[in-house]
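Presented below is the structure to which this report refers.
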Amino acid sequence: MMVFLMAGAVQRASAVEAVRVAPDALAIDLTSVVEHYRAESDLIQISTAPGPDGIVRRIAVRAREGGTRPDWIVFALTNDTDEQLDRLLVAPHYRLVGSGVIWPDLGASRIAAITASQGIRPEREDAADADIFNVTLDPGSTVTFIAELRTPGLPQLYLWEPEAYKAKVNGLTLYKGIIIGIAGLLALFLTVVFVVKGAVIFPAAAALAWAVLAYACIDFGFFQQLFPIAASTNRIYRAAAEAVLAATLLVFLFAYLNLSRWHVRYSHFTVAWLLFLGALVGLAAFDAPVASGVARISIAAIAGVGFILVVHLASHGYDRAVMLIPTWFLLLVWVTAAGFTINGELTRDIVPFALIGGLVLIVLLIGFTVVQHAFAGGALAQGLVSDTERKALALAGSGDVVFDWDVSADRIFVSEEVESLLLLKRGALEGSIANWLDVIHPFDRDRYRAVLDRVLEQRRGRVALDFRLRAADGQYFWFNLRARPVVGADGEVIRVVGILSDVTDARNTEERLLYDAVHDTLTGLPNRQLFQDRLETMLVFAAQNPIMRPTVVSVDIDGFKEVNDTVGPSVGDSIMLTLSRRLGRLLRPQDTIARLGGDEWGLILLSETAPDRIIAFADMIRRTISTPVSFADREIFLKASVGIALYDAQSSSGQADMQKNAEIAMLHAKQQGGDRIEVFRPGMSAQRTARLVLGGDLRRAVDRGEIRVIFQPVVSLDDRTIAGFDVRLRWDHPRLGRLEPGDFLPIAEEIGIVAELGQYALERTARELAAWQSALEVEPPIFATLTLFSPRLLRHELIADVKRVLSATSVRPQSLKLGFRESMLTDNPEFAAQMLIRLRQLGAGLVLDGFGTGYFSLSQLRYLPFDTIRVDRVFVREPGEGARPGALRSVITLAQDLDMDVIADGVENQANATFLSGMGCRYGQGFAFGEAMTSHDARRFLGATSAAA
């Protein structure tokens with residue numbers, strides 16, 4: 001309301017300068033001529049513009065709501081014509097120009113009411129996107145207008161000629177309709193393409209098109225015409241639309257460039273950005289300007305970062321990026337123009353509408369790019385896919401698993417057998433190729449990405465990849481992927497098709513073989529090879545770190561061979577396992593223990609460096625081994641020899657020398673009687689040298705005739721006649737004298753001539769046996785038993801050697817008997833069984849030597865072609881000396897049932913012989929029937945026996 005000179009606190013304003021309204025002026029921009037006032041109360045007092053008479057009046061205007069302090073604008077219009085002028089005062093609710101980036105002006109109802117100093121009161125017209133008032137100017141009048149504002153900002157104020165404004169509105173309405181129609185058709189088209197093709201880039205492009213359509217409808221006021229939306233609510237929709245536009249731009253860029261395929265960091269960054277933009281949509285309901293400002297900054301960032309990324313990928317030959325360069329460059333130009341506009345540097349009215357049109361044009365170009373990618377090489381691709389499907393059906397019929405990756409849609413198909421194996425739901429492995437990263441073993445992910453990425457970049461080649469997939473229960477399975485790319489007409493890979501095979505068993509076997517290659521199969525401890533490797537590494541570290549002083553300890557059980565022969569290999573293995581666990585408990589984490597041989601261990605000691613502490617640790621090892629091992633109802637007492645090689649920082653010797661020195665010290669302890677500890681001293685090497693010299697002598701012993709074959713009589717217990725001989729080797733050393741097999745056979749194995757000794761013994765035995773049989777034509781014929789004294793003799797060449805010897809000497813069938821100890825048959829039972837069958841077919845006899853002390857039971861003999869059993873001497877002792885007559889009787893009885901002969905070893909006297917004969921034992925050997933003799937003595941012995949008979 002208007003009052004004059006009202007008392008109270010009022011804000012006074014000076015007179016304003018009037019703006020002349022010409023009759024032919026279609027539009028006058030009043031934005032820069034209005035005067036803004038911030039009221040200090042609900043009343044403002046101003047001085048009017050001087051009229052034609054020059055008089056300035058004072059008027060006061062009170063706000064519509066008492067007690068408020070609104071913002072005001074004041075302007076004056078002059079009509080100096082002699083006709084009445086009707087004009088429209090237009091204040092748009094929203095104007096992109098000058099809206100700003102930080103806390104932008106998102107629009108609102110601008111003018112609450114207008115008061116004229118004279119004449120007809122301005123009347124408001126209904127409009128959804130602007131505050132419009134009809135203003136009437138009488139002829140020759142000057143009217144001052146005081147407008148109460150709803151918001152502090154007034155982006156634009158125009159005075160329009162009514163018909164001109166109507167023409168402008170009609171023109172803009174047509175333009176807006178065209179733009180909205182194009183955007184709507186484009187969004188609908190891309191949605192249809194998405195439904196037809198299904199690749200991830202199509203829903204991303206369709207979502208962008210729908211976001212642009214929504215933004216255009218809000219900016220053009222289309223939604224306000226359909227739905228009664230308040231101007232304040234429209235601000236929320238505008239801010240949310242800008243946030244959604246930023247989000248869909250980001251999604252399209254991410255999907256089109258297929259960044260999710262391998263680069264997990266890109267995926268995480270994009271998801272975080274999308275969640276942030278999604279939060280902006282919710283923030284718009286509470287603080288629309290803040291949400292809009294952040295969204296505008298995000299759009300600019302996406303355009304800039306996206307352009308850099310597109311150019312980078314295009315420079316590396318990525319076809320999708322090359323196709324996107326023009327469109328994204330246009331988007332960068334659009335963002336730049338929009339930035340100038342919102343900062344007020346581009347102010348023409350056509351600019352905001354042109355920007356909306358440009359945005360629709362960008363989406364249209366994106367649609368063309370997507371469609372071109374979707375249908376490029378379609379006919380060829382369909383033909384190739386059809387062929388692939390036929391191959392997939394054939395593979396499915398053969399039991400192989402089909403792997404098919406549709407690169408365009410970024411979707412994988414695998415046969416359900418894989419998901420069943422992994423205990424996953426059907427379809428769990430289908431979808432994006434990146435989804436597999438969650439179930440692939442972390443160690444295999446980089447290789448998985450690199451191989452497939454290389455195929456896509458090179459557009460050729462084959463995929464041959466092994467990787468692990470995690471099952472629902474956490475277990476991993478190995479799979480082998482063999483596939484090849486399918487290239488479309490545009491030269492880009494459209495599919496990768498192949499087969500997926502479960503290779504878990506093969507890989508587990510391979511890993512087990514690799515593990516067994518460096519670990520002892522019985523104890524699981526490192527073997528000699530791994531021990532040497534670790535020692536070498538420790539010595540390298542020790543050379544760089546003076547604090548580290550590794551010590552090598554060699555431990556060997558005294559007389560374990562006799563213990564093993566007594567209790568049998570199975571119990572011997574149990575003893576080895578028990579001792580290994582005992583020794584392992586003595587070590588600290590930084591120490592290493594390895595099993596170097598049958599009853600030998602090696603230790604690398606890092607936890608102790610002082611010599612006295614090392615000796616104390618070695619003594620603890622010795623006492624630990626001497627603790628009895630319980631077996632059944634008996635205790636087994638063991639002793640150990642321990643050798644120590646201390647670290648010498650001044651020495652240049654490597655791991656081989658330290659390990660050798662520790663073994664030399666251990667051997668020296670054995671020579672001193674065992675059960676003792678020896679620290680290596682340089683003088684001990686001489687003994688080692690003597691062993692090497694002995695090995696050199698042994699190489700020449702056969703040629704020099706120093707190795708002799710000796711024969712121990714085997715007697716028929718029924719009539720005490722010579723039934724055959726047991727063959728052994730003896731070395732008559734020219735300097736050391738007579739050496740028994742136990743003294744030189746280990747050296748022969750060490751230097752690798754044990755096969756030559758075995759062949760020599762076989763030939764001499766066969767030749768002597770043929771001579772005996774030729775001289776004595778008795779039934780059954782004289783036989784000879786030759787026990788293979790090394791597992792290395794049980795090899796394929798043995799078949800050829802036996803065949804050659806038998807054909808060359810013509811000995812009677814099954815009279816040349818080859819003996820095998822049980823331990824030789826248990827390492828590889830299948831191979832040993834086949835060897836025994838072949839030897840029996842050649843005409844050789846077979847003796848199971850030392851029966852009763854190892855793994856074999858009599859029931860196992862039914863499946864092996866042995867014709868003779870040699871019972872170990874432990875069963876043949878005198879009563880009271882540890883003999884086991886009950887077990888011996890069982891062995892003899894069951895052997896007779898299996899039609900096998902029994903030779904009792906260790907017959908010491910005639911009482912033993914009589915006892916064994918009464919039990920049904922057929923043959924015996926031992927000192928009761930004579931000591932071992934040379935071939936010449938054996939011939940004379942046979943002659944004397946024959947003459948006596």
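For clarity, every value in this text was computed on a predicted model and none was experimentally measured.
- Without hydrogens or angle criteria, R235 side chain to P289 main chain gives no donor-acceptor distance under 3.5 Å.
- Minimum interatomic distance between I362 and T327 (heavy atoms only, all atoms of both residues): O-CG2, 3.9 Å.
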Should T191 and W210 be marked as a side chain to side chain donor-acceptor pair (under 3.5 Å) after you check the CA-CA gap, both sets of side-chain angles, and the distance that decides it? CA-CA 9 Å; T191 303; W210 286 109; 2.8 Å; yes

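- At least one side-chain heavy atom of F479 sits less than 4.5 Å from a side-chain heavy atom of D502.
- Counting only heavy atoms from C-beta outward, the side chains of I297 and I102 approach each other to under 4.5 Å.
- Side-chain atoms of D219 never come within 3.5 Å of backbone atoms of A216 as a donor-acceptor pair (strictly under, hydrogens ignored).
- Between the CZ atom of R454 and the CZ atom of R449 there is a distance of 14.5 Å, given to the nearest 0.5 Å.
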Step by step, would you call L364 with V360 a side chain to side chain contact (heavy atoms under 4.5 Å, CB included)? CA-CA 6 Å; L364 185 62; V360 174; 5.5 Å; no

Show your reasoning for whether side chain to side chain contact (heavy atoms under 4.5 Å, CB included) applies to F189 and L185. CA-CA 6 Å; F189 173 73; L185 290 175; over 6 Å; no

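- Residue R470 comes nearest to Y476 through the heavy atom pair CB-CE2, 3.4 Å, listed as atom of the first residue, atom of the second, then distance.
- Applying the salt bridge (charged side-chain N to carboxylate O under 4.0 Å, His left out) rule to pairs touching residues 323-342 yields nothing, sequence neighbours excluded.
- Closest approach of T504 and W478 over heavy atoms only: OG1-N, 2.9 Å.
- With hydrogens and angles ignored, the 3.5 Å screen pairs no side-chain donor or acceptor of T592 with any backbone N or O of L603.
- In this structure, the side chains of H519 and N527 stay at 4.5 Å or more apart for every pair of heavy atoms.
- Here L535 contributes atom CG and I604 contributes atom CD1; the two are 4.5 Å apart, rounded to the nearest 0.5 Å.
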Does the side chain to side chain contact (heavy atoms under 4.5 Å, CB included) test come out yes or no for L469 and F477, once each step is laid out? CA-CA 5 Å; L469 295 179; F477 290 85; 5.5 Å; no

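- Closest approach of L355 to W334, counting heavy atoms only: O-NE1, 2.6 Å.
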Hey, mind stepping through S99 and R238 against side chain to side chain donor-acceptor pair (under 3.5 Å) and telling me if it holds? CA-CA 12 Å; S99 60; R238 190 180 303 280; over 6 Å; no

Could you give me the CA-CA distance, side-chain angles and deciding distance for L186 and L213, then say whether side chain to side chain contact (heavy atoms under 4.5 Å, CB included) is met? CA-CA 9 Å; L186 182 59; L213 176 61; over 6 Å; no

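- Looking only at side-chain heavy atoms (C-beta outward), I302 and L331 stay at 4.5 Å or farther from each other.
- For R296 (side chain) and G100 (main-chain N/O), a donor-acceptor pair under 3.5 Å exists by modelled atom type.
- Contact record, Y215 with A241: CD1-CB, 4.1 Å, taken as the closest heavy-atom pair.
- Checking side-chain atoms of D533 against main-chain N and O of E536 turns up no donor-acceptor pair under 3.5 Å.
- Taking 4.5 Å as the limit, every side-chain heavy atom of V311 sits out of range of all side-chain heavy atoms of W328.
- The minimum heavy-atom distance linking V497 with V486 is given by the pair CG2-CG2, 4.2 Å.
- V335 has its side chain out of reach of F307: every pair of non-hydrogen atoms, C-beta onward, lies at least 4.5 Å apart.
- The shortest side-chain heavy-atom distance between F353 and K176 falls under the 4.5 Å cut-off.
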What verdict does the side chain to side chain donor-acceptor pair (under 3.5 Å) test give for N480 and D466, after you've listed the backbone C-alpha separation in whole Å, the side-chain angles of each residue and the deciding distance to 0.1 Å? CA-CA 4 Å; N480 171 258; D466 286 354; 2.6 Å; yes

